[in-house]
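A short worksheet on the structure shown next.
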Amino acid sequence: VEAGDLAQGRAEQERLIGLFHAIYGSEAQWYCAGQKYALRLAGILSAETVRIAAQAKMPDSHRKAVERCMENHGALLL
């Protein structure tokens, strides 16, 4: 995005916000688990284990959202 091009910047933000919400979630407690799960799906990490006990088990609904996101936008991460 060129400096000062607000329309292009907004369009890029709109394009990436779905990726952000799917990986980090609307609930902040799952941001770390979602990020690690996405990195495992991308083949970057071998495990998605997080050290924070509350984030150890991400709900299946959030896991499915990350999977759909990676199918649709995973190339943006690599």
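Sequential numbering from 1 along the given sequence is applied to the chain's residues.
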Taking every non-hydrogen atom, the tightest pair across M70 and L41: CG-CD1, 3.9 Å
Quick one: salt bridge (Lys or Arg N to Asp or Glu O under 4.0 Å) partners of R40, sequence neighbours excluded? E48
Residues two or more places apart in sequence or in another chain: which of them pass side-chain contact (heavy atoms from CB on, under 4.5 Å) with R68? K64, A65
